[in-house]
Amino acid sequence: MTPAAGRPSPPVATLLGRCCTLRCLAQLHARIVRLGLHNHHALLARFTAACDSLASPSVADSFLSALPSHAVPPSCLRACSRVPCKPTGSALHAAAIRLGLDADLFVRTALIQFYGSCSSAGASRMLFDSMVIPSEVSWTAIIMVYVDCGDIVSAREIFDRMPHRNVVHWNAMVGGYVKCGDLESARRLFEEMPQRTAAAHTSLIGGYAKAGNMQVAKMLFDKLHDRDVFSWSAMISGYAQNGYPGEALRVFKEFREKGICPDELVIVALMTACSQLGNIMLAKWIEGYITTYSIDMNNAHVLAGLINMNAKCGNMERATVLFESMPVRDVFSYCSMMQGHCLHGSANKAVELFTRMLLEGLSPDNAVFTVVLTACNHAGLVEEGKRYFAMMKNEYLIMPSGDHYACLVSLLGRSGMVRDAYELIKSMPGKPHPGSWGALLRGCILQGDIELGKVAAKKLFEIEPDNAGNYVTLSNIYANIDRWADVSEVRAEMTGKGLTKIAGRTVVL
DNA sequence: GTAGGGTTAG
């Protein structure tokens with residue numbers, strides 16, 4: 001019995017299922033060819049599935065000539081769409097034409113998706129238009145191509161001229177409106193649906209949640225009876241995203257009572273809520289919960305969430321273990337770690353991490369600079385603070401925001417350099433920033449610079465006329481040096497404007 | 001053998 005005619009050698013087939021690196025895939029490919037199994041259908045299906053899961057256009061490319069089969073182009077094209085890799089995808093297209101496979105429905109649909117993924121909606125459309133009878137999936141593909149490139153009008157035109165629409169088409173169109181932020185149209189189309197699916201329902205919930213409208217999101221959720229893990233996670237993350245961690249937790253509790261198996265996204269949403277609460281017991285419980293349900297801890301979102309949650313909840317040891325275990329650290333994980341150190345009084349460690357991040361060749365973004373400047377401020381590192389501020393502007397070409405300025409002003413002010421801080425504020429472009437003037441005022445109080453403090457306070461009265469706290473702060477400055485006449489004057493001005501100090505709020509000097 | 005919904009950090 002020749003190998004090609006016989007059953008595939010079990011080891012190869014089994015190994016393909018387990019294959020998780022390109023190197024392994026290449027070795028298996030060599031073995032397939034050596035054993036003459038490259039025309040074996042079942043084996044090819046496994047091979048292309050492995051190509052698919054590894055999203056490897058280069059593998060697809062190099063194996064193309066050796067594997068002329070119907071099964072290859074669609075899965076390889078999917079790999080090219082995911083990256084996306086236009087040269088290889090186009091080469092596959094050419095090969096498909098050469099092999100006479102380009103009219104195949106699966107190949108054609110994969111090509112429509114591929115050109116869409118590399119922003120060539122026009123090419124997708126030409127391929128679609130030349131189809132005699134597009135499959136249902138081809139219709140979805142062309143709608144999604146237009147949705148993804150933001151051309152909702154063309155998507156709708158296609159949708160309207162469809163001879164037959166199935167639920168997936170409706171879902172895609174409703175989801176398209178949600179994606180482009182047109183909730184009105186999404187809602188209208190949703191109401192027109194012959195069957196309102198959980199998928200369309202969940203799209204809408206996500207859209208309203210993203211727009212910050214949790215009332216409508218909740219109303220839609222209450223109406224949805226066949227809730228699945230998607231709809232629950234949309235609600236939990238909606239509440240968490242909008243700063244209602246308590247509500248998020250409440251919904252999660254309800255979710256648990258239903259006995260539905262959580263997935264990575266539910267966990268990510270839950271961790272967002274926990275980070276806001278800073279509840280270390282809850283954080284520990286969540287990690288246990290993750291293990292119970294075999295959630296993928298190596299999932300980038302899960303890992304980032306875990307690091308962030310532990311850092312925010314004060315478990316820096318755990319956060320550090322997770323951070324160091326990452327095969328490749330990114331800007332986000334660095335940012336979470338730096339923030340955690342900053343929050344828990346180890347500003348110097350945050351600054352150390354920043355320098356390590358630069359050594360690793362990562363490019364800090366504006367959020368990272370906010371954290372590192374905050375850290376310098378906490379630790380009183382004047383020289384470093386000035387240096388990073390200049391680095392941000394000159395090396396990374398990031399325009400400093402009001403918050404960046406406020407950090408540096410605060411740092412200078414607290415270190416006795418109130419006049420420098422004042423010069424810095426005066427050099428700020430744009431509208432006067434209350435945070436920076438407030439930081440200057442606090443610096444003046446610390447340094448006992450009454451004259452400059454008055455300037456800062458006056459400026460704050462101007463830009464925040466309704467903020468009673470500024471008046472209180474200025475009157476406290478006078479009170480500290482026994483200038484009671486000035487205290488009464490400021491108080492009188494404040495009450496004259498109808499402002500009263502908010503009960504329970506104290507300004508810590 | 002293909003398609004549609006929910007994704008973290010400031």
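- Taking every side-chain heavy atom of A:Phe106 into account, B:dG1 is the closest of B:dG5, B:dG6, B:dG1.
- Across the protein-nucleic acid pair, A:Lys218 atom NZ and B:dG6 atom P stand 21 Å apart, rounded to whole Å.
- For A:Val168, counting side-chain heavy atoms from C-beta on, the closest listed nucleotide (B:dA3, B:dG5, B:dT2) is B:dA3.
- The side chain of A:Ala198 lies closest to B:dG5 when the candidates are B:dT8, B:dG5, B:dA3.
- Atom CG of A:Asp226 is separated from atom C1' of B:dG6 by 15 Å (rounded to the nearest Å).
- For A:Leu277 and B:dT8, the CG to P distance is 17 Å, given to the nearest whole Å.
- Residues satisfying the ring pair (Phe, Tyr, Trp, His ring centres under 6.0 Å) criterion with A:Phe332, sequence neighbours excluded, are absent altogether.
- Within the 4.0 angstrom heavy-atom criterion, base atoms lie near A:Ala304.
- Qualifying side-chain contact (heavy atoms from CB on, under 4.5 Å) partners for A:His225, counting only residues two or more places apart in sequence or in other chains: none.
- Contact annotation: A:Gln241 side-chain N/O to B:dT8 OP1/OP2 distance is under 4.0 Å.
- Atom NZ in A:Lys210 sits about 14 Å away from atom C1' in B:dG5, given to the nearest Å.
- At a cut-off of 3.5 angstrom, the base of B:dA3 holds at least one donor-acceptor pair with the side chain of A:Thr140.
- Side-chain contact between A:Ile152 and A:Tyr146 is absent, with no heavy atoms from C-beta onward closer than 4.5 Å.
- For B:dG5, the base has a donor-acceptor partner in the side chain of A:Thr202 [N/O atoms by modelled type, under 3.5 angstrom].
- One can place CG of A:Leu322 at 19 Å from P of B:dT8, the figure rounded to the nearest angstrom.
- A cation-pi contact, defined as under 6.0 Å to the ring centre and within 45° of the axis, is absent between A:Arg329 and A:Tyr334.
- Note on A:Glu136: a base of the nucleic acid sits closer than 4.0 angstrom, heavy atoms only.
- A salt bridge links A:Glu287 to A:Arg318: at least one charged side-chain nitrogen sits closer than 4.0 Å to a carboxylate oxygen.
- With centres under 5.5 Å and a plane angle under 30°, the ring of A:Phe230 is stacked against the base of B:dG5.
- Of the candidates B:dG5, B:dT8, B:dG6, B:dT8 carries the atom nearest the A:Thr272 side chain, counting heavy atoms from C-beta on.
- Between A:Arg165 and A:Glu192 there is no salt bridge, since no side-chain nitrogen of the basic residue lies less than 4.0 Å from a carboxylate oxygen of the acidic one.
- Below the 3.5 angstrom threshold, one finds no donor paired with an acceptor across the side chain of A:Asp228 and the base of B:dG6.
- Using a 4.0 Å heavy-atom criterion, one finds that A:Val229 contacts the bases of the nucleic acid, with or without backbone contacts as well.
- For the pair A:Leu265 CG and B:dG5 P, the interatomic distance rounds to 12 Å; values are reported in whole Å.
- Distance from the side chain of A:Val266 is smallest to B:dG6 among B:dG5, B:dA3, B:dG6.
- The nearest whole Å value for the distance from the CG atom in A:Leu105 to the P atom in B:dT2 is 13 Å.
- Among B:dG6, B:dA9, B:dT2, the nucleotide with an atom closest to any side-chain atom of A:Ser233 is B:dG6.
- Closest to the side chain of A:Phe332, out of B:dG6, B:dA9, B:dA3, is B:dA9.
- Among the nucleotides B:dG1, B:dG6, B:dA9, the one closest to the side chain of A:Ser237 is B:dG6.
- Residue-level contact check: A:Asp403 touches neither bases nor backbone, having no heavy atom under 4.0 Å from any strand.
- DNA chain B is contacted by A:Asp365, A:Asn366, A:Ala367 of residues 359-378 of chain A, taking any non-hydrogen atom closer than 4.0 Å.
- B:dT8 atom P lies 11 Å from atom CD of A:Gln276, rounded to whole Å.
- Salt bridge annotation for A:Lys258-A:Glu254: absent, with no cationic side-chain nitrogen under 4.0 angstrom from a carboxylate oxygen.
- Between B:dA9, B:dA3, B:dG6, one nucleotide has an atom nearer to the side chain of A:Asn166 than all others, and that is B:dA3.
- Around CD of A:Glu191, the count of heavy atoms belonging to other residues, nucleotides or ligands within 6.0 Å exceeds 12.
- A centroid separation of 6.0 Å or more is found between the aromatic rings of A:Phe114 and A:His93.
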